[in-house]
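Positions are given from 1, in the same order as the sequence printed here.
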Amino acid sequence: MPHIVHTERTEPKRGIVRTDGALYVLLLLGTFAAIFLARLLADRLGIDKLYVQIGLYAILLGTGYWIYRTRLVDYLYELYDTDLRITQIVGKKQKRLLTVPLETVTEVGAYRKTDAKPDQRTFHGAREKTTAVWYRKDGELRVVCMNASDALAKKLSEALHAEE
């Protein structure tokens, strides 16, 4: 039975809009403004409203996906004595993204460009500002990036050195 060594949850940084209520109001006002602008453009430019609506819906879908990725997704990093587990959390829904056995880890440190194949996105912000874990899977060198705190990075390094 594996024992948990360290756990932490990372949330996206709240920029200009700090509360979810303010985000909701801003999105609602933005949607009404987009509908008004689409109708105005369709009338002024003589474009068929169907094309304007298709464009509007595409923009709304793109904006919704961007908000989902940058605002609503959290990551849970769990370090056990046998492996590292990364879980994606959206609201109450949790989805295990990755489990990395510690015996396959080759290096832990600041991210740098290598020939290792990057895993799916498990961090917020720029990849260059993350802690990277290089490991081998099926003979292939892979890298997973995390927004790990200094404590988690240190414990990961200690676990790596304890395996050697």
Closest heavy-atom pair and its distance - Tyr111, Ala132: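 The answer is CA-CB, 3.8 Å.
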Kindly give the heavy-atom pair with the smallest separation between Val108 and Ala153, and that separation in Å.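 Nearest pair, atom of Val108 first, then Ala153: CG1-O, 4.3 Å.
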Looking at [atom1] of [X] and [atom2] of [Y], how far apart are the two atoms once the value is rounded to the nearest 0.5 Å?
X      : Y      : atom1 : atom2 : answer
Leu156 : Leu79  : CG    : CG    : 5.0 Å
Leu152 : Thr131 : CG    : OG1   : 7.5 Å
Gln94  : Leu76  : CD    : CG    : 6.5 Å
His6   : Leu84  : NE2   : CG    : 10.5 Å
Asp48  : Gln53  : CG    : CD    : 8.5 Å
Thr114 : Arg112 : OG1   : CZ    : 6.5 Å

Show, in sequence, the C-alpha distance, side-chain angles and deciding distance for Tyr135 and Asp119, and conclude whether the side-chain contact (heavy atoms from CB on, under 4.5 Å) test is met. CA-CA 11 Å; Tyr135 67 99; Asp119 274 318; 2.3 Å; yes
If Ile, Leu, Val, Met, Phe, Trp and Tyr residues are connected whenever their side-chain heavy atoms lie under 4.5 Å apart, and connections chain through other members, are [X] and [Y] in the same group?
X      : Y      : answer
Trp134 : Phe123 : no
Leu56  : Leu27  : no
Leu45  : Tyr51  : yes
Val100 : Leu141 : no
Ile89  : Leu98  : no

Give the C-alpha distance, both sets of side-chain angles, the deciding distance and a yes or no for side-chain contact (heavy atoms from CB on, under 4.5 Å) between Tyr75 and His124. CA-CA 9 Å; Tyr75 296 105; His124 298 288; 3.6 Å; yes
Taking it one step at a time, do Thr87 and Glu78 satisfy side-chain contact (heavy atoms from CB on, under 4.5 Å)? CA-CA 8 Å; Thr87 305; Glu78 297 173 305; 4.2 Å; yes
Just checking, is any N or O donor in the side chain of Glu8 or Ser149 under 3.5 Å from an acceptor N or O on the other one?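 There is such a pair between these side chains.
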Please walk me through it: do Val5 and Asp81 pass side-chain contact (heavy atoms from CB on, under 4.5 Å)? CA-CA 6 Å; Val5 176; Asp81 54 2; 4.3 Å; yes
Pair Glu103 + Arg136: basic N to acidic O under 4.0 Å: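 So Glu103 does not pair with Arg136 through a salt bridge.
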Measuring only between side-chain heavy atoms, which start at C-beta, is Leu60 closer than 4.5 Å to Thr31?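 Side-chain contact under 4.5 Å: yes.
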In a check of side-chain contact (heavy atoms from CB on, under 4.5 Å) between Val144 and each of Leu97, Thr130, Ile86, which one passes?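 With Val144 as partner, Leu97, Thr130, Ile86 yield a single side-chain contact (heavy atoms from CB on, under 4.5 Å), made by Ile86.
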For Tyr80, is the NZ or CZ atom of Arg85 found under 6.0 angstrom from the centre of its six-membered ring and inside 45 degrees of the ring axis?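 Cation-pi check for Arg85 and Tyr80: passes.
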Near Arg39 CZ, under 6.0 Å, is it more than 12 heavy atoms from other residues, nucleotides or ligands?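 Result for CZ/Arg39: open.
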